[in-house]
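Quick notes on the structure that follows.
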Number of protein chains: 4
Amino acid sequence: MVNDSDKGTGRAARSKRTDARRNEQTLLDAAAAVFVASGVEAPVRDIAARAGVGMGTIYRHFPTRADLIIAVYRHQVEACAEAGPALLASSGTPHAALGQWINLFVDFLVTKHGLAAVLQSDNAGFDTLHAYFLDRLVPVCTQLLDAAAASGEIRSDLEAYELMRGVGNLCIGAESDPRYDARRLVELLIAGLRRPN
Amino acid sequence: MVNDSDKGTGRAARSKRTDARRNEQTLLDAAAAVFVASGVEAPVRDIAARAGVGMGTIYRHFPTRADLIIAVYRHQVEACAEAGPALLASSGTPHAALGQWINLFVDFLVTKHGLAAVLQSDNAGFDTLHAYFLDRLVPVCTQLLDAAAASGEIRSDLEAYELMRGVGNLCIGAESDPRYDARRLVELLIAGLRRPN
Amino acid sequence: MVNDSDKGTGRAARSKRTDARRNEQTLLDAAAAVFVASGVEAPVRDIAARAGVGMGTIYRHFPTRADLIIAVYRHQVEACAEAGPALLASSGTPHAALGQWINLFVDFLVTKHGLAAVLQSDNAGFDTLHAYFLDRLVPVCTQLLDAAAASGEIRSDLEAYELMRGVGNLCIGAESDPRYDARRLVELLIAGLRRPN
Amino acid sequence: MVNDSDKGTGRAARSKRTDARRNEQTLLDAAAAVFVASGVEAPVRDIAARAGVGMGTIYRHFPTRADLIIAVYRHQVEACAEAGPALLASSGTPHAALGQWINLFVDFLVTKHGLAAVLQSDNAGFDTLHAYFLDRLVPVCTQLLDAAAASGEIRSDLEAYELMRGVGNLCIGAESDPRYDARRLVELLIAGLRRPN
DNA sequence: GATGAATGAGTTTTCATTCAT
DNA sequence: TATGAATGAAAACTCATTCAT
């Protein structure tokens, strides 16, 4: 309310947009909550109910389920993407940076119920989601991998795509099983990359 | 029960039992074929159709889908289980034996369309399946792991259950993606186990 | 019940088939009734409710709406198809035969609420229906048209397909409008075919 | 409206009316374009988007879809209505005039994607549309029909309403089927009207 | 007046599972 | 025992229409 010096149509326009934005945030919150409770494949109707809106509203804001998931997790994906170069600059060695970065990625996947599973599903409806993840994170991972390979620390015959897919798979089902610690296994995987001196 | 040479109705009974067994084998063959074609979550109706029987017959022999999957793959699971001690005896080192055994396990999972995915699903209907796999294979894997740990080749802080679950996860979706080679990643994982000399 | 001398599995099999057939007839009757009341595009659920069965049952018997419509009207289509040659043999002139046959076709279309409309819809779901009608009736109509053309009674530049489509169109909406008599207009159309002596 | 640099309310009112008219024309153009592309049953949202206005604006100007269709095609309907007497005056015979007029009507219907179909729909929402067409064109057609009947050229037992409805029906689906030429069939219909000398 | 967000009924379709014959 | 017909819950998705801003 610092500035509400608008009048005429301006107010209407601004206020409409404000409301819609608020509503969208409500939707994202509700979706996030439902995703935690029932996984990212929860029925649209459940999310709508949780948000207290009609189903059509969900479809208006997020035409596909992938769009919704992306919106819900965008911040975290961005943070992960931006952390790549930063770690490379600050960590001791490229391999260490890679390990830390993968750790962030695991953090992300493991805490999102069912997201890892959906990342490997070949369901056509998730194409957008797949594309978003790959577009955003594969280049970052490639950079880290290249640096570590260039420094001679690791083998150079693994694509970022394959590594990320593997890490993603290792994270499937991790939340629900106390006897399974995805992070540990991912560490082994990264350790296994190291060039046998 | 070596001898159940019954007479009178007995002959009928024996023959009926024979028939039932024949029928069951038909079912298993059909299910295996459909699993290859459409994955282990194929509609029951398809399997029944392939076998030329009614759906009720499937349910009679295999009350749950898990029972059917177990029956279909039992032979291969048994073979895998039995290979453990054999490899330990014949391979150069325990770690090599472990690697070869895991390889067999990967062979198995990767060729069964969708089986790996179902192994990690937390769908209650698959409990029996999970239990069967774990009961049968975890002890074998434990033995290999213990031997390798005892020889000092690998770290000793990983449970067989966790390793197998990780390997299973790495195999998810491997058949359908040419850019993803599950076996490679599993090798990295096993390599990562090695104790840093 | 003239003959129920079946025993053993025979009875079960026969009785099952009998029941299914009875049920299918129930379905057809219900569908016919609903078609009359609400047109051939009535919701599947309505038909199921009318028949007192689940929706799945409709889908089992008739995978697409077109299949159901075909089944409901098959008898009448067949009768119409068979009447063609008969009329040609018994009527005074080929043109007269054509007129009478078209009349039968109109009888059929006009009494089926909404069927005519669906026959011209380009909805892909009705492809089977279109194909059935065309396959069955166009040849008959062609025969009548050819005979009348050969006798010099009518112009010879009109395809059976086009004529039938036109007749079909003229029948659209005829049931519900007392001021519109499709039959009269069809007569004009047929009269218009006559070669100007 | 040369000058709309208004201030003071009076001028504002005039200008508002001008704006509204301009807006309405934009709407009509957009609707016409969308009707051509997707038929007259296109979603309201599409039309609004095309016009660059909100959906509410469409509803304000044209409370029902029929109102919109009428507005879009009013000019052409008027032209058609006015052509009737003109043709009667200029053509050789009343029957020729009738044929030419019907031709104009067909021109109109055939080029409007889906309009013919909507003209026969018994959907209550189109009542206004039906009424408008009938009110405007039936009298014209009646005049032509009466003249031709009076001259002895044609039978006198057909109502204009019924004829126009028939012509409308014949035009259904004509744009999308190369094997179906509505104009030809309409010609047959008109030819069929001729009194058998 | 204009906007466009929200609503939610309505329809289709699929399959696991049961159970009468 | 075997059969397969019947069931009906579930879920996605679309759009006409309303109404707060």
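Predicted model, so just to flag it, every value in this text is computed and none were measured. Chain identifiers are assigned alphabetically (A, B, ...) following the order of the sequence lines, protein sequences preceding nucleic acid strands; residue numbering begins at 1 within each chain.
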Expressed in angstrom and rounded to an integer, what is the separation of [X] atom [atom1] from [N] atom [atom2]?
{"X": "L27(B)", "N": "dA2(F)", "atom1": "CG", "atom2": "P", "result": "9 Å"}
{"X": "D67(B)", "N": "dT17(E)", "atom1": "CG", "atom2": "P", "result": "12 Å"}
{"X": "M55(B)", "N": "dT3(F)", "atom1": "CE", "atom2": "P", "result": "11 Å"}
{"X": "I58(C)", "N": "dG8(F)", "atom1": "CD1", "atom2": "P", "result": "13 Å"}
{"X": "F62(D)", "N": "dT17(F)", "atom1": "CZ", "atom2": "P", "result": "16 Å"}
{"X": "D46(B)", "N": "dT14(E)", "atom1": "CG", "atom2": "P", "result": "12 Å"}
{"X": "N123(D)", "N": "dA16(F)", "atom1": "CG", "atom2": "C1'", "result": "12 Å"}
{"X": "Y59(C)", "N": "dT11(E)", "atom1": "OH", "atom2": "P", "result": "11 Å"}

Name each donor-acceptor pair under 3.5 Å that joins a side chain in residues 65-75 of chain A to protein atoms two or more places apart or in another chain, with its distance.
unit_1, atom_1, unit_2, atom_2, d
R65(A), NH1, V40(A), O, 3.0
R65(A), NH1, A42(A), O, 2.6
R65(A), NH2, A42(A), O, 3.1
D67(A), OD2, T64(A), N, 3.2
D67(A), OD2, T64(A), OG1, 3.0

Closer to the 5' end of DNA chain F via nearest nucleotide, is it T57(C) or A42(A)? T57(C)

Starting from the 5' end of DNA chain F, give me the residue, R65(D) or G56(B), whose nearest nucleotide shows up first. G56(B)

Y132(D): partners by side-chain hydrogen bond (donor to acceptor under 3.5 Å, both in side chains), with sequence neighbours left out: E78(D)

Looking only at non-hydrogen atoms, find the nearest pair between Q120(A) and H130(A) and report the distance. N-NE2, 4.4 Å

Determine the minimum heavy-atom distance between D122(A) and S176(B), stating which atoms define it. OD2-OG, 4.4 Å

Measuring from atom CD of E175(C) to atom NZ of K112(C), what distance do you get when rounded to the nearest 0.5 angstrom? 10.5 Å

Calculate, to the nearest 0.5 Å, the distance between atoms CD1 and CZ belonging to I47(C) and R50(C) respectively. 10.5 Å

Report yes if at least one side-chain N or O of R45(A) is closer than 4.0 Å to OP1 or OP2 of dA11(F); otherwise report no. no

Phosphate oxygens OP1/OP2 of dG1(E): is one of them under 4.0 Å from a side-chain N or O of H61(D)? no

Remember a base hit wins even if backbone is also touched, and classify G52(C) as base, sugar-phosphate or nothing at under 4.0 Å, heavy atoms. sugar-phosphate

With the side chain counted from C-beta on, respond yes when L119(D) and F126(D) share a heavy-atom pair under 4.5 Å apart, and no when they do not. no

Side chain of [X], heavy atoms from C-beta onward: which of [options] has the nearest atom to it?
{"X": "R60(D)", "options": "dT12(E), dA6(E), dA2(E)", "answer": "dA2(E)"}
{"X": "N23(C)", "options": "dT17(F), dT12(E), dA6(F)", "answer": "dA6(F)"}
{"X": "V44(D)", "options": "dT14(F), dA16(F), dA16(E)", "answer": "dA16(F)"}
{"X": "P43(C)", "options": "dT12(E), dG1(E), dT3(E)", "answer": "dT12(E)"}

When you look for runs of 3 or more Watson-Crick or G-U pairs in a row, both distances below 3.5 Å, which of them include DNA chain F? E:2-21 with F:2-21

